[in-house]
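Let me begin by presenting the structure, written as structure tokens, before commenting on it.
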Amino acid sequence: MALSQQRLHRLHRLLSHDDFHQLLDAVTMLWPGDRPDGLGALADFLLLARTARRDVCQGLYDQMAPVLTCSRGDLEAVAQLGRRHAAVLAFEGREEGEAFLRRQAAELSADDRGFPLMLLGRHLTDEGRIDEARDLLREAIRAAEMSVEWYLLSVIREMARCQLHAGETALGFEYVRAYWVKSYVRGKISGPALKVFLLANAAAFGQIDYLVELQLNVATRARREDLPAPSEHANLMAALLSELDIDPPVVQEADGLLEAVHAEHFAALHLADLGKTDEALEAFGRAADDAIRLETRLGAALHWMSRLLAVWLRPREEEVVVLLAEFGDWPPATTARGLLLGRPPYAVDTTAWRRVLASRPIDGDSAAHDEHQALVTAVAVLGRLAEADGATEQARALYQVVLDYGGQDLWLGSLVLRRLIALLVGSGGADDLERAGAIGEARMEKELRPMARWHLLTELAHGRAAQGRPAAALTLVEQAITLWKRVLSGLYDPRSKVAWLERGARSLDLAVDLLSRSGDWIDESDRLDKLLTVTELSKARLMTDAIHRKEYLPGPFMLTERYGLDADRMEQARREAPDWHAAVGLQSVVYSESLVYVDWGHDWRHKNSRPAREVATDLGPLRTTLRIPLSHDRELLASVDTVTYDVSGLPADTELIDVLPSADG
């Protein structure tokens with residue numbers, strides 16, 4: 001119940017004058033026992049007043065507790081349980097707070113009991129009682145699905161949070177994915193927004209196989225189906241890049257082929273980060289083919305950029321020369337040829353490149369912007385050629401030009417930054433090591449993608465080790481290992497696991513090397529514990545790597561578009577992994593032949609509400625892999641986590657809790 005300023009002023013005046021009986025009369029008048037609509041406001045007032053006059057408010061709470069903790073089936077009263085629970089916690093403690101929620105769950109109807117179960121699950125999660133919390137939240141999800149679903153999104157979010165506290169990153173992501181699918185079905189977000197949120201969360205959670213599959217699926221559908229509206233594509237890409245803290249390029253015109261090019265680029269760069277070079281080259285090749293079909297300045301720029309990005313992955317000078325010759329009098333190619341008169345091409349003074357890039361607009365229309373970025377990409381490729389030829393000084397100078405003029409939306413930006421830091425660290429010079437640390441730490445604050453952060457952290461850790469700072473190096477490499485494990489837990493393609501397991505050796509070997517040295521920089525018992533942990537993790541990496549190279553390895557069960565929702569697999573998941581079963585079931589709507597979301601207007605919380613309209617969208621691009629885990633006796637082969645002796649010596653991966661979607665209220 002809303003309170004007027006006059007009533008609030010009167011309550012506070014009574015509170016400050018110690019007139020308890022008048023205060024009690026006023027509060028009782030405002031919140032009589034038969035009016036549940038103001039229970040949340042009563043809880044808020046008691047909590048606020050407690051901070052000013054705890055002695056008076058305890059007695060006031062004791063008088064009002066029967067009203068505050070009543071069990072009523074009114075939807076408004078049930079929706080205020082969270083605020084009422086907070087008051088019980090403050091005045092009576094955690095045991096009574098838990099008992100209050102259990103009473104509510106026992107006495108409310110089947111439609112509404114899931115809400116107190118959700119609050120109780122949150123309470124138990126905060127206390128570290130994860131197994132109990134998961135059981136209650138699973139029951140809350142079932143109750144919410146059987147009711148009008150007014151609190152279903154909140155329950156799904158709490159289950160994701162609980163799984164993250166339990167260290168189940170991949171399963172936590174499945175509930176986040178279910179959250180956005182259900183948000184779409186309820187009409188809270190649009191179809192394009194659904195793609196954006198799924199891509200952004202997949203990137204943050206390190207679900208790279210899913211992210212790549214989704215991107216390639218989007219690209220296939222985009223080049224095959226009718227062209228989407230320009231504004232839809234522009235908004236989609238801008239929102240996704242914003243989620244990754246990257247300034248979006250200026251895009252004024254778009255069509256299906258352009259969407260396909262961008263999706264292939266994103267997929268290729270993630271494949272390259274994993275170490276799957278051949279597949280990344282194939283994606284860049286498809287992007288180049290799509291771009292040339294645009295037959296515009298923008299298409300030419302993207303075609304050239306796609307070809308250059310492929311050369312970056314496999315640097316060959318002759319390919320750059322051929323590529324420049326192919327483009328005739330196209331202005332960016334002409335400019336590049338004019339700056340490559342020196343032999344070898346990277347020997348040219350970088351001042352000329354800086355002058356040319358400074359004269360070209362970074363902003364402007366899509367074509368001008370991407371032509372500028374294509375030239376910057378050419379500089380990056382020259383630096384890569386120089387590095388491959390052993391000319392590290394020239395490579396570092398060219399990489400710095402890229403970072404100075406490329407902007408944060410440069411496709412190649414994170415790869416160039418990584419190579420520059422690696423070269424600085426590799427030089428071993430004191431000034432270079434300091435510079436590498438400064439560049440990397442400044443970038444780390446803006447980098448959200450776990451693979452890119454893993455690369456940066458690993459390079460920085462090697463730099464700190466080279467400086468003779470083992471404690472700082474160990475802190476960085478432990479963070480890197482945590483991110484490496486996060487990505488590993490989300491990979492379901494055996495080839496991806498093999499590629500990423502190979503990458504992990506660089507972090508694990510450094511950690512073992514650091515912890516093999518005793519000294520006053522670390523407590524001896526702590527050093528031995530951490531050394532055991534990392535050594536076992538390193539052995540597990542080798543074992544898992546060897547297993548995943550075998551063709552007969554049983555990969556995780558998958559439910560894809562061509563298989564549909566197999567009843568036997570779903571039943572097996574229900575028996576062996578009920579949390580996975582719930583997550584998959586919540587997302588199964590994506591596999592409908594025709595899907596619409598229902599717009600409930602502003603009255604969707606009320607049981608007597610009726611749909612206002614139905615809105616349809618194409619969810620074909622979202623029909624990617626739904627995962628069900630292996631049975632426990634076979635899961636040992638699936639991930640390094642299940643093989644390790646102990647991971648207590650590594651920092652907990654809890655930062656993803658901060659990127660969970662907002663609660664539904």
Side-chain angles (χ1 to χ4, degrees), residues 203 208-220 222-223 257-294 299-327 333 336 345-346 370 373-389 395 399 402 406 410-419 422 449 451-452 454-455 487 491 493-503 548-549:
I208 307 304
D209 273 343
Y210 170 78
L211 187 146
V212 169
E213 187 179 4
L214 182 58
Q215 307 252 36
L216 297 181
N217 204 356
V218 168
T220 300
R223 68 171 63 96
L257 288 175
L258 183 56
E259 183 179 21
V261 171
H262 285 298
E264 294 279 5
H265 276 181
F266 270 118
L269 290 172
H270 283 103
L271 289 167
D273 270 341
L274 276 178
K276 300 172 76 172
T277 303
D278 290 339
E279 293 183 37
L281 289 170
E282 292 175 3
F284 281 135
R286 289 191 297 268
D289 292 342
D290 289 335
I292 202 64
R293 290 168 57 196
L294 290 171
L302 290 174
H303 175 74
W304 195 36
M305 196 183 306
S306 301
R307 299 275 298 277
L308 286 169
L309 288 167
V311 177
W312 167 275
L313 295 181
R314 288 215 175 128
R316 294 171 183 159
E317 180 181 327
E318 60 272 17
E319 290 190 19
V320 177
V321 175
V322 170
L323 182 58
L324 289 173
E326 285 181 9
F327 280 83
Y346 46 80
D370 279 37
Q373 297 297 65
L375 276 175
V376 175
T377 303
V379 180
V381 170
L382 293 179
R384 188 79 167 123
L385 292 172
E387 183 182 353
D389 202 38
Y399 288 158
V402 172
L410 179 67
W411 294 109
L412 209 58
S414 64
L415 299 178
V416 172
L417 177 69
R418 195 180 309 156
R419 295 308 313 150
R449 294 165 296 172
M451 284 196 302
W454 172 82
H455 283 287
V487 173
L491 299 175
D493 182 345
R495 295 169 300 172
S496 298
K497 278 191 180 289
V498 168
W500 192 240
L501 284 162
E502 290 177 347
R503 299 270 175 156
H548 273 275
R549 291 178 183 276

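Under the 4.0 Å criterion applied to side-chain N and carboxylate O atoms, R314 and D278 are assigned as salt-bridge partners. The existence of a salt bridge linking D289 and R286 is excluded, since no basic side-chain nitrogen approaches an acidic carboxylate oxygen closer than 4.0 Å.
Here CD of Q373 is found 12.5 Å from CH2 of W304. Values are rounded to the nearest 0.5 Å. In this structure, L216 CG and E282 CD are separated by 10.0 Å, a value rounded to the nearest 0.5 Å. Here the straight-line distance linking atom CG of L269 with atom CG of L274 works out to 11.5 Å at 0.5 Å rounding. Rounded to the nearest 0.5 angstrom, L308 CG and H303 NE2 are separated by 9.5 Å. Atom NE2 of H270 sits about 12.5 Å away from atom OG of S496, to the nearest 0.5 Å. Within the model, atoms CD of E279 and CG of L271 stand 5.5 Å from one another, a figure rounded to the nearest 0.5 Å.
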Start with the C-alpha gap between I208 and W500, add the side-chain angles, then the distance that decides, and say whether side-chain contact (heavy atoms from CB on, under 4.5 Å) holds. CA-CA 11 Å; I208 307 304; W500 192 240; over 6 Å; no

Report the C-alpha distance between S414 and R449 in whole Å, list the side-chain angles of each, state the deciding distance to 0.1 Å, and finish with yes or no for side-chain contact (heavy atoms from CB on, under 4.5 Å). CA-CA 10 Å; S414 64; R449 294 165 296 172; 3.7 Å; yes

Please assess V487 against W454 for the test side-chain contact (heavy atoms from CB on, under 4.5 Å), listing each intermediate value before the final yes or no. CA-CA 10 Å; V487 173; W454 172 82; over 6 Å; no

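By the 4.5 Å heavy-atom criterion applied to side chains, S306 and E264 are not counted as neighbours. For the pair R503/M451, no side-chain contact is recorded, criterion being any heavy-atom separation below 4.5 Å from C-beta on. Between L375 and V379, the closest side-chain pair of non-hydrogen atoms is not below 4.5 Å. Taking the side chain as every heavy atom from C-beta outward, D493 and K276 approach each other to under 4.5 Å.
By the side-chain contact (heavy atoms from CB on, under 4.5 Å) test, V311 pairs with E319, V320, V381, sequence neighbours left out. Residues passing the side-chain contact (heavy atoms from CB on, under 4.5 Å) test with R419, sequence neighbours excluded: W312, R384, E387, Y399, A422.
Side-chain N or O atoms of D290 include none that pairs as donor or acceptor with a backbone N or O of V261 at under 3.5 Å.
Between A272 and A280, the shortest heavy-atom contact is N-CB, 3.9 Å. Across K497 and L491, no two heavy atoms sit closer than the pair CE-O, 3.2 Å. The two residues G383 and A395 have their closest heavy-atom pair at O-CB, 3.4 Å. Across all non-hydrogen atoms, the minimal contact from A267 to V212 is O-CG2, 4.0 Å. Residues L211 and A203 share a closest heavy-atom pair of CD1-N, 3.4 Å. The minimum heavy-atom distance linking L294 with L258 is given by the pair CD2-N, 4.2 Å.
Checking each of V402, L309, D273 against L415 for a side-chain contact (heavy atoms from CB on, under 4.5 Å) leaves exactly one that passes, namely D273.
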